[in-house]
Amino acid sequence: MVSYARGFDVEQAFAHLARRDRRLGAWMRRLGPIPADPRWRKPFDPVDALARAILYQQLSGKAAATIVGRVEAAIGSPRFHCDTLARIDDATLRGCGVSGNKLLALRDLARREEAGEIPGLRQMARMHDEAIVAALVPIRGIGRWTVEMMLMFRLGRPDVLPVDDLGIRKGAQAVDEAEAMPTPKELAARGERWGPYRSYASLYLWRIAETVAGAGKPVKRSQE
């Protein structure tokens, strides 16, 4: 059975992308190497990570951290699981600042964990990216983008391209000096040449979008 390593050789990824895509390569050399993410080597708990992702959705980092801290205090644990979340009722969760939709999402996550439907870290090490996506997106409040972020930043999978991400689309627009952002379908086709290091390309596309925005240059000219 195939086992997927966490993380990849960023020097090899840099050389591959610079060789395969002249326009992207020019930006990469301008921005310099992006180091390997230290989180690739750290253990993490998928259920806890998903719970935190739910709580952080559509909130500023400071506001979300405050709510997370309240929930941790209420359950008496720094880890979110079916057993710890079961320690408090819905009214207490709402009192911590958790919205109704997020409360339902947390309860669904806990229910699925208790039913054995959520793969653990060891199981994920033997699962293809798309199999992990398929296993997690049925959870209420968890979309493909959230799983892709886990694949990239926690599991260190090398070939993930979040085509629906606005920042990545803006970065691709800047690389190609295009009049409009590529559609997700166009970006997926454009990114074929970046495999098997589309995750590393994505890191650069985010940074490129930030650089262009910081310079005050227009990136988006379409009516989207």
Side-chain angles (χ1 to χ4, degrees), residues 1-47 49-50 52-53 118-139 142-176 178 181-211:
M1 182 176 290
V2 176
S3 180
Y4 295 91
R6 290 180 63 188
F8 54 91
D9 187 328
V10 295
E11 292 183 2
Q12 185 173 325
F14 187 102
H16 174 83
L17 293 171
R19 184 173 63 252
R20 292 293 302 274
D21 191 319
R22 180 178 58 82
R23 287 177 179 269
L24 179 61
W27 271 101
M28 292 169 65
R29 285 186 286 272
R30 172 183 168 185
L31 296 172
I34 296 177
D37 195 313
R39 289 173 292 182
W40 294 344
R41 302 302 180 190
K42 294 181 179 179
F44 82 101
D45 186 325
V47 173
L50 291 168
R52 292 172 187 277
I118 301 176
L121 194 55
R122 289 185 179 181
Q123 288 175 279
M124 288 183 180
R126 299 187 297 273
M127 296 171 67
H128 185 271
D129 296 354
E130 287 301 322
I132 295 174
V133 171
L136 299 183
V137 294
I139 302 167
I142 298 297
R144 184 182 182 89
W145 183 88
T146 298
V147 184
E148 288 172 334
M149 296 304 102
M150 177 184 287
L151 288 168
M152 291 178 64
F153 295 109
R154 304 306 294 268
L155 295 174
R157 296 295 175 92
D159 203 27
V160 179
L161 179 61
V163 296
D164 294 309
D165 187 278
L166 189 63
I168 288 179
R169 292 172 62 203
K170 286 184 175 182
Q173 178 187 354
V175 167
D176 292 334
M181 288 187 294
T183 65
K185 184 176 180 180
E186 290 169 341
L187 180 57
R190 175 74 171 82
E192 285 295 323
R193 74 181 71 180
W194 302 329
Y197 294 112
R198 285 179 286 187
S199 295
Y200 202 57
S202 297
L203 298 180
Y204 275 99
L205 294 174
W206 273 314
R207 189 163 293 186
I208 290 165
E210 291 169 359
T211 300

Enquirer: Nearest 0.5 Å, please: how far is CE in Met149 from CG in Asp165?
Expert: 5.5 Å
Enquirer: Just by modelled atom types, is the Arg154 backbone N or O under 3.5 Å from a matching donor or acceptor in the Arg6 side chain?
Expert: yes
Enquirer: If you define the side chain from C-beta out and look only at heavy atoms, does anything of Phe153 sit under 4.5 Å from Val160?
Expert: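 No. Closest side-chain heavy atoms not under 4.5 Å.
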Enquirer: Is there a side chain to side chain contact (heavy atoms under 4.5 Å, CB included) between Arg30 and Thr211 once you walk through the steps?
Expert: CA-CA 11 Å; Arg30 172 183 168 185; Thr211 300; 4.0 Å; yes
Enquirer: Keeping Arg157 on the side-chain end and Ser199 on the backbone end, is there a donor-acceptor pair under 3.5 Å?
Expert: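 Pair absent, no side-chain N/O of Arg157 close to backbone of Ser199.
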Enquirer: Does the Tyr200 side chain pair with the main chain of Ile34, one donor and one acceptor, at a distance under 3.5 Å?
Expert: yes
Enquirer: Is it the case that Arg39 places NZ or CZ above or below the six-membered ring of Phe44, under 6.0 angstrom from the centre and within 45 degrees of the axis?
Expert: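 No, cation not above the ring by the 6.0 Å, 45° rule.
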Enquirer: Taking Arg144 first and then Glu148, would you say they form a salt bridge - that is, a charged N and a carboxylate O separated by under 4.0 Å?
Expert: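 Yes, this pair counts.
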Enquirer: Decide whether Trp194 and Asp21 meet the rule of one side-chain donor and one side-chain acceptor closer than 3.5 Å.
Expert: yes
Enquirer: Could you tell me if the side chain of Met127 sits less than 4.5 Å from the side chain of Pro119, heavy atoms only?
Expert: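 Of all side-chain heavy-atom pairs linking Met127 with Pro119, at least one is under 4.5 Å.
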Enquirer: Looking at Gln123, I'd like to know if its CD atom is crowded, meaning that more than 12 non-hydrogen atoms belonging to other residues, nucleotides or ligands lie closer than 6.0 Å.
Expert: yes
Enquirer: Of all heavy-atom pairs between Ala209 and Lys170, which one has the smallest distance, and what is that distance?
Expert: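 In terms of heavy atoms, the two residues are closest at CB-CB, 4.1 Å.
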Enquirer: If you round to the nearest 0.5 Å, how far is CH2 of Trp206 from CD1 of Ile168?
Expert: 4.0 Å
Enquirer: Is it the case that atom CZ in Arg207 sees more than 12 heavy atoms from other parts of the structure closer than 6.0 Å?
Expert: no
Enquirer: Please find the pair of heavy atoms, one from Leu121 and one from Pro46, that lie closest to each other, and give the distance.
Expert: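 What the structure gives for the nearest pair is N-CG, 3.9 Å.
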Enquirer: Closest approach of Gly195 and Asp159, non-hydrogen atoms and distance?
Expert: CA-OD1, 3.5 Å
Enquirer: Using side-chain heavy atoms (C-beta onward) and a distance below 4.5 Å, is Thr146 in contact with Leu136?
Expert: no
Enquirer: Nearest 0.5 Å, what's the CD1-CZ distance between Ile132 and Arg126?
Expert: 11.0 Å
Enquirer: Under a 4.5 Å cut-off applied to non-hydrogen side-chain atoms, are Ser202 and Pro162 in contact?
Expert: yes
Enquirer: Which value, rounded to the nearest 0.5 Å, describes the distance between Tyr4 atom OH and Leu155 atom CG?
Expert: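 Here the interatomic distance stands at 12.0 Å.
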Enquirer: When rounded to the nearest 0.5 angstrom, what is the spacing between CG in Leu205 and CG in Leu161?
Expert: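 So the gap between those two atoms works out to 7.5 Å.
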Enquirer: With the side chain counted from C-beta on, respond yes when Met181 and Leu166 share a heavy-atom pair under 4.5 Å apart, and no when they do not.
Expert: yes
Enquirer: If you look at every heavy atom in Ala201 and Leu24, which pair is closest and at what distance?
Expert: CB-CD2, 4.2 Å
Enquirer: Does some side-chain heavy atom of Leu203 sit less than 4.5 Å from a side-chain heavy atom of Met152?
Expert: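 Yes, their side chains come closer than 4.5 Å.
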Enquirer: With a 4.5 Å heavy-atom cut-off, do Val175 and Tyr204 have their side chains touching?
Expert: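 Sidechains of Tyr204 and Val175: no contact.
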Enquirer: Roughly how far apart are Ile142 CD1 and Met150 CE, rounded to 0.5 Å?
Expert: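 Ile142 CD1 to Met150 CE: 7.5 Å, rounded to 0.5 Å.
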Enquirer: Should the pair Phe8 and Trp40 be assigned to parallel (<30°), tilted (30 to 60°) or perpendicular (>60°) ring geometry?
Expert: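 Because their plane-to-plane angle lies in the 30° to 60° range, the rings of Phe8 and Trp40 count as tilted.
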